Amino acid sequence: MGRGIRRPSSLIATVVAGALALTACSAPAAREAEDLAAPDVGVQLFQLPWTAIAEECEETLGPHGFAWVLTSPPQEHIDRDEWWASYQPVSYELETRLGTRDEFADMVQRCADAGVEVIADAVINHMTGQDGAGTGFAGTPYEHYEYPGLFGSDDFHHCGLTPNDDISDYKSREQVQTCELVNLADLDTSSETVRTAIVGYLEDLLSLGVAGFRIDAAKHMAAEDVAAIVDALPEGTRIISEVIRGGGEPIQPEEYTGFGEVFEFTYARDLIPQVLSATLNDPDTSDPRPGHVPDESAVVFIDNHDTERGEADLTYRDGDLYLMANALMLADDYGTPVVYSGYAFSDRDAGAEADADGRVIAETCGGAASDLESLSDGDRTCVHASTAIAGMLEWRRVAGSAKRLPGADDGDAYGFEREGRAVIAANPGGEAQKLAVPTSLPDGAYCDVVLTGPRIDAESGCPDAGRITVSGGVASFTLGAGQTAAIHLFSRV
Ligand code: ARE
Ligand code: CA
């Protein structure tokens, strides 16, 4: 289990040896296809309709080298405007405000053709949190504990541990796993019939070609319950559990690494304050990093749809510093990164822009990121189409499995090398700053991929502002306030 399961990483040590041999040449380093590691980075396209995701796969995600896309939940949900309606399942029919079953199937196919796998957000801990009866988005009638043909009252936990059966104490394992998360009817995932229904839903999605699942609210299901469900799925199904690491809580992400990966919340909690206080420094690269799950179990991110509305102090609103944090994550040698791309909002509940029938409008980014500092509510951030991120996706593939070396810092600026392959430098401070990063890259002028995007097969030359010199084992950067710059073996000009 784990990342790259269907994409064996191709970068091997011999490549590094080959690259070193090139240092003798005066011409720009030649590039062989096998010099690039396979893509591994994902992108979460939050509340984006299936038809739009299909277009993004073809136009941007595939060409830029994203390996996978995480969608919003694809099952029928309550009929409300807020984005979080998606997290209240009414049935496992694939009819939602984000598109139809046919559109979902077409998206999976078109993304696969573009080299991008689809990971679906699986909401399997619970059904709705509505006390009254209602009708789902696709027309299915339901009550809080009655979902005709699927689940009835006996299929739910009624924990009896708190006055309203809601979780009130995250220090109680029993409450967290058998009481209700914000009033959401909590499925008895220890029951065979419940497990069978859930497995049937996930198998249906697999039959359409999805590569795997984000397991929503995994913390709220006993790890053995999730393991039993995963066991019933075909081998190789990718599983990424959402278990928010909480200090002092009995349930920790490590419990969920036996059958897949987990989102490691510590990563952003560690990096974001460094960027905001302009105190970037070397991570403790022991494996596991302290407070983190082991490298191969970790999916890392700067923010997601919950944290951009909550704990993340760095979001799309911060423009260059946000891209800096993403670039540093992509440059790191820990975990599998997932880039987040949503829409601007000032109301945390506001859903994506929809038509009169409540269907979300299928906007695409046309291959360009938005100007993050001048967005209006509802505008897509299109972060996944940003030049800086495209450049860093290439940089990461060039870096491959090369070791992260101890960094250099000078004032507010900090940078590091992935041994012999690539160098990144960032200045989160408020003033321009010079930085010298020791490197074994060959002498020469290199082009900054954060400024220009991918350099391999680039048709245009490098603008003066993007030129960075490597001489005598030092890469010399001059970084403006908030600037990130990055060069790699094949970005020589
Ligand atoms: C909405 C309303 C509620 C209402 C409910 C039922 O906001 O007021 O009671 O509907 O009608 C999302 C939204 C919720 C929304 C829910 C259902 O965020 O606002 O509720 O959908 O529509 C915990 C969980 C973690 C969970 C977070 C949000 O452990 O799994 O809470 N994250 C996932 C998704 C969410 C989603 C759900 C789960 C539910 O990513 O988007 O909710 O499917 C500490 C703990 C964490 C805890 C955190 C917040 O950090 O360590 O474990 O996270 O506090 O409580
Ligand atoms: Ca539960």
Side-chain angles (χ1 to χ4, degrees), residues 44 46-47 70-73 75-90 96-97 121-132 134 136-137 142 144 151 155-159 161-162 164-191 194-195 198 213-226 229 240-253 255-256 262-266 268-269 299 301 303-312 338 340 342 345 347-351:
Q44 178 182 358
F46 176 62
Q47 290 289 312
L70 169 60
T71 71
S72 284
Q75 89 296 318
E76 182 182 7
H77 49 75
I78 57 168
D79 193 7
R80 287 185 64 136
D81 296 338
E82 296 89 348
W83 62 267
W84 43 253
S86 293
Y87 288 92
Q88 299 194 37
V90 169
T96 71
R97 62 157 130 225
D121 198 344
V123 183
I124 57 174
N125 170 64
H126 52 261
M127 299 297 281
T128 75
Q130 308 299 305
D131 289 320
F137 189 85
Y142 67 90
H144 200 181
F151 298 123
D155 295 320
F156 293 92
H157 287 135
H158 304 277
C159 73
L161 299 169
T162 59
N164 55 3
D165 279 357
D166 267 9
I167 299 165
S168 65
D169 180 9
Y170 273 82
K171 294 205 159 55
S172 160
R173 175 181 293 268
E174 201 185 353
Q175 276 195 34
V176 170
Q177 296 187 329
T178 66
C179 293
E180 295 179 350
L181 169 62
V182 294
N183 201 41
L184 298 161
D186 197 67
L187 285 164
D188 177 3
T189 45
S190 70
S191 132
V194 168
R195 287 180 184 175
I198 291 171
F213 307 101
R214 167 187 185 269
I215 306 295
D216 179 69
K219 182 191 283 182
H220 302 277
M221 294 177 278
E224 60 174 288
D225 294 357
V226 184
I229 290 165
I240 313 172
S241 297
E242 186 231 10
V243 185
I244 302 178
R245 194 182 281 283
E249 293 184 21
I251 307 162
Q252 292 294 325
E255 284 181 30
Y256 296 77
V262 295
F263 290 95
E264 179 50 88
F265 283 70
T266 303
R269 290 172 182 167
V299 173
F301 51 90
D303 61 343
N304 67 22
H305 66 284
D306 286 332
T307 66
E308 74 167 346
R309 291 171 170 74
E311 68 174 68
V338 56
Y340 176 73
F345 63 92
D347 169 4
R348 78 75 78 187
D349 295 324

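Just so we're clear, the structure is a prediction, and the values are computed from it rather than from any experiment. When a ligand or atom number is given, it counts from 1 through the structure's own listing order.
Atom 24 (C) of ligand 1 has its closest protein heavy atom at His220 NE2, 3.2 Å. When only non-hydrogen protein atoms are considered, atom 31 (O) of ligand 1 lies nearest to Leu181 CD1, 4.0 Å. Scanning the protein heavy atoms around atom 10 (O) of ligand 1, the nearest turns out to be Gln88 NE2, 3.0 Å. Among protein heavy atoms, the minimum distance from atom 50 (O) of ligand 1 is reached at Ile244 CG2, 4.0 Å. Protein heavy atom nearest atom 51 (O) of ligand 1, with residue, atom name and distance: Glu249 OE2, 2.6 Å. Annotation: atom 26 (C) of ligand 1 to nearest protein heavy atom, Glu242 OE2, 3.7 Å. In this structure, the protein non-hydrogen atom closest to atom 55 (O) of ligand 1 is Tyr170 OH, 4.0 Å. When only non-hydrogen protein atoms are considered, atom 43 (O) of ligand 1 lies nearest to Asp216 OD2, 2.7 Å.
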Solution key, residues 216-224 side-chain donor-acceptor pairs under 3.5 Å, sequence neighbours excluded:
unit_1, atom_1, unit_2, atom_2, d
Asp216, OD1, Arg214, NH1, 2.9
Lys219, NZ, Ile244, O, 2.8
Lys219, NZ, Glu249, OE1, 2.6
His220, ND1, Val176, O, 2.9

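Residue Gly129 approaches ligand 1 through these ligand atoms, each under 4.0 Å from one of its heavy atoms: 6 (C), 11 (O). Distances below 4.0 Å separate heavy atoms of Ala217 from the following atoms of ligand 1: 30 (O). Contact atoms of ligand 1 toward His126: 39 (C), 43 (O) (distance under 4.0 Å to a heavy atom of the residue). Shown in contact with Arg214 at under 4.0 Å from a heavy atom are these atoms of ligand 1, numbered in order with element: 34 (C), 40 (O). Counting the atoms of ligand 1 from 1 in the order shown, those under 4.0 Å from a heavy atom of Gln130 are 11 (O).
In this structure, Thr307 OG1 and Phe263 CZ are separated by 11.0 Å, a value rounded to the nearest 0.5 Å. Once rounded to the nearest 0.5 Å, the distance linking SG of Cys159 with CG of Asp165 reads 4.0 Å. Note: His126 NE2 to Phe156 CZ = 10.5 Å, rounded to the nearest 0.5 Å. In this structure, Glu242 CD and Asn304 CG are separated by 7.0 Å, a value rounded to the nearest 0.5 Å.
Taking the centre and axis of the six-membered ring of Phe137, the NZ or CZ atom of Arg97 falls outside the cone set by 45° and 6.0 Å.
Checking Arg348, Lys219, His305, Glu180 against atom 18 (O) of ligand 1, the nearest heavy atom belongs to Arg348. For atom 5 (C) of ligand 1, the nearest non-hydrogen atom from the set Val182, Ile215, Ile167 belongs to Val182. Between atom 1 (C) of ligand 1 and the options Phe46, Trp83, Trp84, the minimum heavy-atom separation is to Trp84.
Among protein atoms, those of element N, O or S found less than 3.0 Å away from the Ca ion (ligand 2) are Asn125 OD1, Gln177 O, Asp186 OD1, Asp186 OD2, His220 O.
Between the side chains of Thr162 and Gln175, no donor N or O sits under 3.5 Å from an acceptor N or O. In summary, the side chains of Asn183 and Asn164 do not present any donor paired with an acceptor at a separation below 3.5 Å, with no hydrogens or angles considered. Under 3.5 Å, the side chains of His305 and Gln44 contain a donor-acceptor pair of N or O atoms. No side-chain donor from either of Asp349 and Trp83 sits under 3.5 Å from a side-chain acceptor of the other.
Of all the heavy atoms in Leu184 and Gln88, the pair that sits closest is CD2-CG, 3.7 Å. The minimum heavy-atom distance linking Glu180 with His144 is given by the pair OE1-CE1, 4.3 Å.
Sorted by first and then second residue, the salt bridge (Lys or Arg N to Asp or Glu O under 4.0 Å) pairs involving residues 166-179 (not counting sequence neighbours) are Arg173-Glu255.
Counting only heavy atoms, the protein never gets under 4.0 Å from atom 8 (O) of ligand 1. Under the 4.0 Å distance rule, the nearest protein heavy atom to atom 48 (C) of ligand 1 falls outside the cut-off.
No part of Phe265 comes within 4.0 Å of ligand 1, judged by heavy-atom distances.
A search for ring-ring contact (aromatic ring centres under 6.0 Å, His included) contacts involving Tyr256 returns nothing, not counting sequence neighbours.
Within the 4.5 Å cutoff, the side chain of His77 has heavy atoms near those of the Thr96 side chain.
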